[in-house]
Amino acid sequence: MRRPSSRRDAIIREMGLGPVWRLRSAGGEADDQSTAVAEMPSPAAPPVDAAANPPSAPMRSAPAGGDAAWHRERAPRTEIAHSGSATRAEPVRPAAGMPDPGRLERIAALEWDALEADIRNCRACVLCEQRKQAVPGVGDREADWMLVGEGPGREEDQRGEPFVGQAGRLLDNMLAALALQRGANVYIANAVKCRPPHNRTPEAAEIGSCLPYLERQIELVKPRLLLALGRPAAQALLNTEISISRARGRIFDYKGIPVVVSYHPAYLLRNPQDKGKAWADLCFARKVMQQGG
């Protein structure tokens, strides 16, 4: 079989089928029987010649609900490596948007430090491609109040902390009016952990990819109340279409935890006439907290 050229390797990578691995002997030279592999359908299947087989149909995006079965559709690719005469298979981290079998179960068992490390290294959706850094969350890990926003903006992406800049200062002032402050009985997170390009609204598949992280954060914090700031945050928590204007003043439920919906501080900066409504929402949330305690 003719050995694949470097030019063909580059084309295969550009088509999204790379990286391409060659089976090498212990001496480091390409084995005469080596074959360029684009995918391994199963351990029992013979190697596939990437040049003789066109790329498969595009992979569908992850569902918003984080369906575990979807994540198990394909096995992870492996790199064939050699150490002396022994051959071993080393797992390769999936590329952006590729399914990661067992991801949901793994995230559900992570504790704080491992969870935040996993978030910072996540490549489950395309948002990882343009981020400077992921933004896990910040605050009291045993807080009664948990605030959930939409996603990181430009400053959050640079600093690695949610709700900084003008929107963060407004949120801090809102919390101070309730005698609260970030880091003291308050935990803050976002529905998506990486900045959407140009601060666009995160897509349903992107929220779905990040949802296991948010769910695990809620499980670890065990808040007495969840405050959803903005429509994407509310939809992530409640798994339904939400109109902020219609949801205000109502108590929703997330696995037994009351949820109150209000405006995102960034929206309030653009629409200062609604700051009074946001203050009313905070007072309503405080009342719900007092009644629940």
Distance (rounded to the nearest 0.5 Å) between Ser245 OG and Lys277 NZ
7.5 Å

Worked check of side-chain contact (heavy atoms from CB on, under 4.5 Å) between Asp144 and Met289
CA-CA 9 Å; Asp144 289 335; Met289 177 74 77; 4.0 Å; yes

Cys194 SG to Ile119 CD1 distance, which is reported to the nearest 0.5 Å:
9.5 Å

So CG of Leu225 and CD of Gln290: to nearest 0.5 Å the spacing works out to 11.0 Å

Are side-chain N/O atoms of Lys193 and Gln133 paired as donor and acceptor at under 3.5 Å?
no

Of all the heavy-atom pairs spanning Ala143 and Val221, show the shortest one and how long it is.
O-CG1, 3.6 Å

How long is the span from the CG atom in Leu220 to the CG atom in Leu110, to the nearest 0.5 Å?
9.0 Å

Side chains of Glu241 and Gln235, heavy atoms from C-beta outward: is any pair under 4.5 Å?
yes

Do the non-hydrogen side-chain atoms of Asp253 and Leu238 ever get within less than 4.5 Å of each other?
no

How close do Pro232 and Pro202 get, counting heavy atoms only, and between which atoms?
CB-CG, 4.3 Å

Is it the case that Arg224 places NZ or CZ above or below the six-membered ring of Tyr254, under 6.0 angstrom from the centre and within 45 degrees of the axis?
no

State whether Glu156 and Lys132 are salt-bridged, where the test is any N-O pair (Lys NZ or Arg NE/NH1/NH2 against Asp/Glu carboxylate O) under 4.0 Å.
no

Are the side chain of Gln217 and the backbone of Pro136 linked by a donor-acceptor contact shorter than 3.5 Å?
yes

Between Leu227 and Leu282, does the side-chain contact (heavy atoms from CB on, under 4.5 Å) criterion hold? Intermediate values first, please.
CA-CA 9 Å; Leu227 181 59; Leu282 288 178; 3.6 Å; yes

Do Arg154 side-chain atoms and His198 backbone N/O form a donor-acceptor pair below 3.5 Å?
no

Do Glu203 and Ile207 have side chains that get closer than 4.5 Å, going by heavy atoms?
no

Would you say the side chain of Ile257 lies within less than 4.5 Å of the side chain of Pro223, judging by non-hydrogen atoms?
yes

Just checking Trp112 against Tyr187, ring centres under 6.0 Å apart?
yes

Less than 4.0 Å between a side-chain N and a carboxylate O, is that true for Glu116 and Arg141?
yes

Hey, does Pro258 have a side-chain heavy atom less than 4.5 Å from the side chain of Leu226?
no

Looking at Arg246, I want to see if its CZ is surrounded by more than 12 non-hydrogen atoms of other residues, nucleotides or ligands under 6.0 Å.
no

Asp274 and Tyr267 side chains, donor-acceptor separation under 3.5 Å
yes

Mind checking whether Ser262 and Phe284 have side chains closer than 4.5 Å, heavy atoms only?
no

Heavy-atom closest pair, residues Leu229 and Pro265
CD1-CD, 4.2 Å

Decide yes or no for Pro152 and Asn190: does some side-chain heavy atom of the first lie under 4.5 Å from some side-chain heavy atom of the second?
yes

Nearest 0.5 angstrom please: Ile242 CD1 to Arg231 CZ, how far?
10.0 Å

Could you pull out every donor-acceptor pair under 3.5 Å between side chains of residues 170-181 and any protein atom, sequence neighbours left out?
residue, atom, partner, partner atom, Å
Asp172, OD1, Arg182, NE, 2.9
Asp172, OD1, Arg182, NH2, 3.2
Asn173, ND2, Arg169, O, 3.3

Evaluate the side-chain proximity of Thr201 to Pro196: yes if any heavy-atom separation is below 4.5 Å, no if none is.
no

Salt bridge (Lys or Arg N to Asp or Glu O under 4.0 Å) for Glu206 and Arg200? Distances and angles first, verdict last.
CA-CA 12 Å; Glu206 294 162 353; Arg200 65 164 171 77; 2.7 Å; yes

How long is the straight-line distance from CE of Met146 back to CG of Leu214, given to the nearest 0.5 Å?
5.5 Å

Take Val148 and Leu237, measure what side-chain contact (heavy atoms from CB on, under 4.5 Å) needs, and give me the verdict at the end.
CA-CA 9 Å; Val148 180; Leu237 290 172; 4.2 Å; yes

Give the minimum heavy-atom separation between Cys128 and Cys122, together with the two atoms involved.
CB-O, 3.6 Å

Could you check whether Asp118 pairs with Arg123 (Lys NZ or Arg NE/NH1/NH2 to Asp/Glu carboxylate O, under 4.0 Å)?
no

Passes side-chain contact (heavy atoms from CB on, under 4.5 Å), Asp140 versus Val186? Steps please.
CA-CA 6 Å; Asp140 185 346; Val186 175; 5.9 Å; no

Here the pair of heavy atoms bringing Ser209 nearest to Cys125 is OG-CB, 3.8 Å

Minimum heavy-atom separation for Gly249 to Asp281, with atom names?
N-OD1, 4.5 Å

Counting only heavy atoms not in Glu219, do more than 12 fall under 6.0 Å of its CD?
yes

May I ask you to decide whether Asp157 forms a salt bridge with Arg131, counting only side-chain N to carboxylate O separations under 4.0 Å?
no

